[in-house]
Amino acid sequence: MSTVRALSTHTARQLLVSGSRCRAPRTWTAGLGRINLRGLATSAEASLRKTGLYDFHIANGGKMVPFAGYQMPLAYGNIGQAASHTHVRTEAGLFDVGHMVQSNFRGRTATAFLEWLTPSSLISLAPYTSTLSVLLNENGGIIDDTVITKHSDDAYYVVTNAGRRDRDLAWFKEKLQKWNASDRAKGGQVEHEVLEDWGLVALQGPAAAQYLQGLTSFDLRELTFGKSAFVPIEGFNLHVARGGYTGEDGFEISIPPSQTLEVTQLLCNAPVQLAGLGARDSLRLEAGMCLYGNDLDEDTSPVEAGLTWVIGKERRETGDFIGAEGVRKHLKDGPPRRRVGFIVDGAPARQGAQIYSSLEKELIGAVTSGIPSPTIGKNIAMGYVKSGFHKKGTEVDIDVRNKLRRAVVTPMPFMKPNYWRG
């Protein structure tokens with residue numbers, strides 16, 4: 001990626017000392033999410049990684065918590081989770097997602113290699129187009145969910161989860177060595193580059209496009225959902241992908257380490273407000289999106305997870321990808337359980353809450369994520385239930401604090417997405 005200018009150490013220090021233009025409003029709304037902080041000691045804190053915006057978060061009143069091996073902002077100042085969530089739904093929020101692992105895969109057989117690692121149809125993906133995909137183990141279980149952006153047939157930009165960093169990178173290394181030593185790499189070997197310490201920020205919300213348009217000569221109307229481009233932003237040339245994790249229109253912007261702070265400063269003037277993990281979790285759940293470790297794991301297939309759509313149609317019967325046998329069994333016979341959404345009466349159901357059939361009180365599943373939804377004003381959740389109980393409108397009972405609460409299977413997303421499709 002080309003760069004036009006770099007941020008000097010002196011400028012960075014001035015920006016931090018002078019304070020931020022993105023300070024959180026001095027209002028309070030009770031938080032909705034639960035992040036386990038027990039056991040966080042000074043020694044453990046020291047072992048956590050930091051993104052390039054750590055000092056920026058502290059300067060802006062960020063409440064730092066451990067998440068996926070990093071110290072990340074839960075919220076800023078005195079603004080609560082519901083208020084931050086609502087601001088993203090109505091205006092725009094800026095999230096630091098620099099803990100995510102950004103990678104480049106290059107080589108003449110890169111497409112074939114990534115189609116071996118995932119069930120997606122990458123050969124038919126247009127240049128500078130992204131797709132959600134999954135890395136699968138030998139049994140067809142999900143090692144991680146990932147966003148793959150195709151720049152060309154021999155160049156891909158891939159983003160994976162921070163919490164799966166060690167597992168993913170070891171998997172990439174193992175499979176890359178095997179691939180490059182095989183006959184399949186005769187057309188050209190594949191190289192993997194991890195973009196260490198690069199910044200990644202997500203500008204999300206209905207006001208995001210108008211705000212970003214004011215910083216670039218690039219016509220953002222041409223950048224529809226799932227597309228990406230190298231975009232000039234106030235002198236910086238940055239990889240910008242239209243999409244995100246909130247259900248709103250938005251952009252994910254990859255930034256070289258020396259430029260991360262200054263670019264972030266450019267992106268957070270009013271109406272943009274800094275937003276943390278708390279709002280991110282409630283926004284993604286309203287949008288019906290999975291969080292690895294909660295809603296996805298290595299014992300769950302993409303068919304069970306409701307992600308059959310990421311499997312290329314032409315690959316469902318003949319695709320040569322890792323885990324294909326297990327996936328095809330679920331496609332043919334049906335999965336034993338399915339991920340579904342719920343509207344829950346009374347108190348909100350949280351992760352781990354057990355789900356029972358409404359008549360026989362048979363244990364049929366468990367909740368994986370749940371919150372009171374700030375947008376629709378109801379308790380929402382997602383979880384897995386035994387096949388047969390997954391149909392829209394099915395009534396079940398969920399054990400919330402030792403009391404069975406009525407819940408109804410509800411299609412996801414819980415709110416209508418607002419992606420820009422042109």
Side-chain angles (χ1 to χ4, degrees), residues 1-3 100-161 164-198 200 223 226-231 237-241 243 252 254-257 302 307 310-328:
M1 181 183 296
S2 65
T3 57
M100 306 288 279
V101 182
Q102 302 177 71
S103 294
N104 286 323
F105 287 88
R106 299 189 185 94
R108 291 176 61 187
T109 60
T111 297
F113 173 70
L114 290 173
E115 284 198 340
W116 180 48
L117 260 58
T118 76
S120 297
S121 296
L122 302 178
I123 194 168
S124 60
L125 201 64
Y128 286 89
T129 301
S130 303
T131 182
L132 178 69
S133 190
V134 286
L135 301 173
L136 300 178
N137 61 29
E138 303 291 352
N139 298 320
I142 300 172
I143 294 174
D144 202 1
D145 57 321
T146 177
V147 175
I148 299 176
T149 301
K150 181 179 184 177
H151 289 162
S152 66
D153 287 337
D154 57 6
Y156 288 83
Y157 167 68
V158 177
V159 179
T160 51
N161 285 302
R164 302 295 285 169
R165 179 187 175 92
D166 293 345
R167 175 71 166 112
D168 292 344
L169 293 184
W171 186 255
F172 289 148
K173 182 179 180 180
E174 174 192 340
K175 298 306 176 185
L176 202 58
Q177 288 175 346
K178 185 175 181 179
W179 179 270
N180 284 335
S182 73
D183 290 342
R184 287 182 284 188
K186 283 186 176 179
Q189 295 199 341
V190 179
E191 297 178 352
H192 175 215
E193 175 193 18
V194 180
L195 300 177
E196 295 286 11
D197 300 321
W198 277 55
L200 187 64
L223 200 65
K227 299 291 186 179
S228 63
F230 286 96
V231 175
N237 192 42
L238 305 173
H239 185 268
V240 177
E252 293 193 341
S254 179
I255 316 169
L307 297 175
V310 309
I311 307 170
K313 291 182 179 179
E314 71 279 10
R315 308 198 72 208
R316 295 179 188 182
E317 294 185 5
T318 60
D320 178 23
F321 56 88
I322 297 170
E325 184 178 349
V327 169
R328 289 196 184 105

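Everything numeric here is computed off the predicted structure, so don't read it as measured data. Position 1 is the first residue of the sequence; numbering continues from there.
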Using distance alone, with no hydrogens and no angle criterion, decide if S130 and Y157 have a side-chain donor and acceptor under 3.5 Å apart.
no
Does W179 have any side-chain hydrogen bond (donor to acceptor under 3.5 Å, both in side chains) partners at least two apart in sequence or in another chain, and if so, which?
T109
Working to the nearest 0.5 Å, report the span between CD1 of I143 and CG of D168.
7.5 Å
Under the salt bridge (charged side-chain N to carboxylate O under 4.0 Å, His left out) test, which residues partner R167, sequence neighbours left out?
E298
Where at least one partner belongs to residues 113-142, residue pairs that pass salt bridge (charged side-chain N to carboxylate O under 4.0 Å, His left out), sequence neighbours excluded
E138-K175
Rounded to the nearest 0.5 angstrom, the CZ-NE2 distance for F230 and H151 is 5.0 Å
Just to verify, what does D153 make a salt bridge (charged side-chain N to carboxylate O under 4.0 Å, His left out) with, not counting sequence neighbours?
K150
State which residues pass side-chain contact (heavy atoms from CB on, under 4.5 Å) with S152; sequence neighbours excluded, sorted by chain then number.
D154, A155
Test of understanding: with side-chain hydrogen bond (donor to acceptor under 3.5 Å, both in side chains), list the residues that count as partners of E196, not counting sequence neighbours.
R165
For the residue pair V158 and T149, establish whether any side-chain heavy-atom pair is separated by less than 4.5 Å.
no
The side-chain contact (heavy atoms from CB on, under 4.5 Å) partners of A170 (sequence neighbours excluded) come to none
Can you tell me how far CD1 of I311 sits from CG of L136, rounded to the nearest 0.5 angstrom?
7.5 Å
For E191, which residues count as a side-chain hydrogen bond (donor to acceptor under 3.5 Å, both in side chains) partner, sequence neighbours excluded?
none
Which residues satisfy the side-chain contact (heavy atoms from CB on, under 4.5 Å) test with R328, sequence neighbours excluded?
F321, A324
List in chain and number order the residues that pass salt bridge (charged side-chain N to carboxylate O under 4.0 Å, His left out) with D183, two or more places apart in sequence or in another chain; answer none if no residue qualifies.
K186
Report the residues that fulfil salt bridge (charged side-chain N to carboxylate O under 4.0 Å, His left out) with E193, sequence neighbours left out, ordered by chain and then residue number.
R106
Only counting residues at least two apart or in another chain, list the ones meeting side-chain hydrogen bond (donor to acceptor under 3.5 Å, both in side chains) with T160.
none
